[in-house]
Amino acid sequence: MTLSLVHHPDYTIDLPDGHPFPMAKFRVLRERLETELADTAVTWLQPEIAARATLLRVHTPEYLDDFLSGRTSKAAQRRSGFQWSEALVERVRLETGGTLLTVEAALAEGLALNTAGGTHHAHAGFASGYCLINDIAVAAAHARAEGWVRRVLIVDLDVHQGDGTAAIFADTPEVVTFSMHAGTNFPARKTPGDHDIELARHTGDDAYLAALRDVLAVLLRDVRPDLVIYDAGVDVHGADRLGHLDLTDDGIEARDRHVLQVCREMATPVAAVIGGGYDRDIAALADRHAIIHRTAAYL
Ligand SMILES: [Zn+2]
């Protein structure tokens, strides 16, 4: 059985010098995985841009069309963290197309992984915190609308709360949101999801894994989802610039392994996205993002 990994070269675009978003990480992650997984059965899939009609499953036409056509106000651009450009629109649509493709592959094969995605702060009608289109929400809504699945569980282990996803699915009981994050972190005002766990600042590997083990298998048994979309954000790492937790590489590996194993035991397909990670050291950061792909390849 080969493992499907999803990537597009245009996940990485040029940003102005000094921009705080580590845009190069997607390219470096792909290079790293090419080398590291050269001897394993991996299939690389290249996504297409997500169609406007697909994005409309989640986003309001006003917000979407302003973004697609470059009418986003300066204030809204500041809130998003990115200056508008054609290349930015293209990359965001490719990233969302990538998560859609990851979901399709996961439903066919049991497990598939994007090398981007996890833009969980994007709401239906506005962008926030480097998140312009909510790829997780679009993929979940699209899979349901197409009749591929009925119930979806979103397991969001990025260090920040998945507020956009929670808001989008607040009135959709068939999409259950679970977010475990640092309570002191962005966004300052959380949007309650179905299951939120707020961790104390500096929570380390042991306490983190104990909290996860307590809840995940129970949640899977209760929800019985047809699909799990997993946000494997690595901004939980102690060295991350924007995280408030203290996980190590080994802790992240144990976390990812636990999620994948519990889902496999329940025969639940998993589509994983990489989520946040903001170390200035791009090599170290790409290495950290590669943990989920490496873990999946040798599961
Ligand atoms: Zn994050």
Side-chain angles (χ1 to χ4, degrees), residues 21 55 57-59 63 79-81 92 95-96 98-100 102-103 113-114 116-144 151-199 203 208 211-212 215-216 219-220 223 225 227-237 240 242-245 247 252 255-256 259 263 270-278 289 292:
F21 187 81
L55 304 178
R57 296 200 188 281
V58 160
H59 291 284
Y63 167 68
R79 185 173 190 182
S80 81
V92 167
E95 179 176 52
T96 305
T99 300
L100 286 163
T102 305
V103 163
L113 302 93
N114 200 355
T119 44
H120 58 172
H121 300 308
H123 288 245
F126 64 93
S128 168
Y130 300 134
C131 300
L132 295 142
I133 296 290
N134 194 316
D135 66 306
I136 296 174
V138 169
H142 185 70
R144 278 177 32 75
R151 278 190 305 276
V152 181
L153 174 63
I154 292 164
V155 175
D156 187 340
L157 299 185
D158 188 281
V159 82
H160 304 100
Q161 197 232 359
D163 59 330
T165 322
I168 287 165
F169 294 120
D171 298 319
T172 308
E174 296 84 4
V175 180
V176 176
T177 58
F178 164 48
S179 177
M180 188 162 88
H181 47 266
T184 52
N185 233 327
F186 178 91
R189 182 148 29 104
K190 320 282 189 249
T191 304
D194 296 304
H195 301 273
D196 287 302
I197 297 179
E198 294 207 338
L199 299 170
T203 296
Y208 184 97
L212 180 64
V215 71
L216 187 61
L219 206 49
L220 275 160
V223 175
L227 169 70
V228 163
I229 301 179
Y230 174 36
D231 183 333
V234 297
D235 42 13
V236 291
H237 196 277
D240 195 87
L242 300 185
H244 292 170
L245 302 185
L247 267 69
I252 291 174
R255 174 194 75 169
D256 291 348
V259 172
C263 290
V270 180
V273 297
I274 68 168
Y278 302 95
H289 277 303
I292 178 74

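- In this structure the side chain of Arg144 reaches within 4.5 angstrom of the side chain of Thr172, judged on heavy atoms.
- One finds the CG atom of Leu216 at 7.5 Å from the CG atom of Leu153 (value rounded to the nearest 0.5 Å).
- Counting heavy atoms from C-beta on, the side chains of Arg189 and Asp163 never come closer than 4.5 Å.
- Remark: His244 engages Ala182, Thr184, Asn185, Arg201 in a side-chain contact (heavy atoms from CB on, under 4.5 Å) (not counting sequence neighbours).
- The ring-ring contact (aromatic ring centres under 6.0 Å, His included) test applied to Tyr208 returns no partner, not counting sequence neighbours.
- Counting only heavy atoms from C-beta outward, the side chains of Lys190 and Asp196 never approach each other to under 4.5 Å.
- Listed by chain and residue number, Tyr230, Arg255, Asp256, Ile292 satisfy the side-chain contact (heavy atoms from CB on, under 4.5 Å) test with Ala232 (two or more places apart in sequence, or in another chain).
- Heavy-atom minimum distance, Asp158 versus Gly275: OD2-C, 3.8 Å.
- Using a 4.5 Å heavy-atom threshold, the side chains of Val175 and Ile168 count as separate.
- A distance of 4.5 Å separates NE2 in His181 from CD in Gln161, rounded to the nearest 0.5 Å.
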Side chain to side chain contact (heavy atoms under 4.5 Å, CB included), that's the test. Do Thr119 and Glu95 meet it? Break it down for me.
CA-CA 9 Å; Thr119 44; Glu95 179 176 52; 3.7 Å; yes
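- In terms of the side-chain contact (heavy atoms from CB on, under 4.5 Å) criterion, residue partners of Tyr278 (sequence neighbours excluded) are, by chain and number, Phe21, Pro22, Tyr130, His160, Asp235, Asp240, Arg241, Leu242.
- Note that the SG atom of Cys131 and the CZ atom of Arg79 stand 11.5 Å from one another [nearest 0.5 Å].
- Distance OG1/Thr165 to CG/Asn134: 4.0 Å, rounded to 0.5 Å.
- Looking at residues two or more places apart in sequence or on another chain, you find no ring-ring contact (aromatic ring centres under 6.0 Å, His included) involving His237.
- Closest approach of Asp156 and Gly162 over heavy atoms only: OD2-CA, 3.4 Å.
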Check against side chain to side chain contact (heavy atoms under 4.5 Å, CB included), Val236 and Ile252
CA-CA 8 Å; Val236 291; Ile252 291 174; 3.9 Å; yes
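- Under a 3.5 Å cut-off, the side chain of Thr177 and the backbone N or O of Asp194 do form a donor-acceptor pair.
- With sequence neighbours left out, the ring-ring contact (aromatic ring centres under 6.0 Å, His included) criterion links Phe126 to His123.
- The distance from atom CG of Leu55 to atom OG1 of Thr96, rounded to the nearest 0.5 Å, is 6.0 Å.
- You'll find the side chain of Leu220 reaches within 4.5 Å of the side chain of Val228, heavy atoms only.
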Step-by-step side chain to side chain contact (heavy atoms under 4.5 Å, CB included) determination, Val273 to Thr102
CA-CA 8 Å; Val273 297; Thr102 305; 5.7 Å; no
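- Distance check, rounded to the nearest 0.5 Å: CZ of Phe178 to CD1 of Ile154 gives 12.5 Å.
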Walk me through it: do Val176 and Arg151 pass the test side chain to side chain contact (heavy atoms under 4.5 Å, CB included)?
CA-CA 8 Å; Val176 176; Arg151 278 190 305 276; over 6 Å; no
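- The heavy-atom pair separating Ala166 from Pro192 by the smallest distance is CB-O, 3.8 Å.
- Among all heavy-atom pairs drawn from Phe169 and Ala141, the shortest one is CZ-N, 4.2 Å.
- Proximity of His195 to Val215: side-chain heavy atoms (C-beta onward) are nowhere separated by under 4.5 Å.
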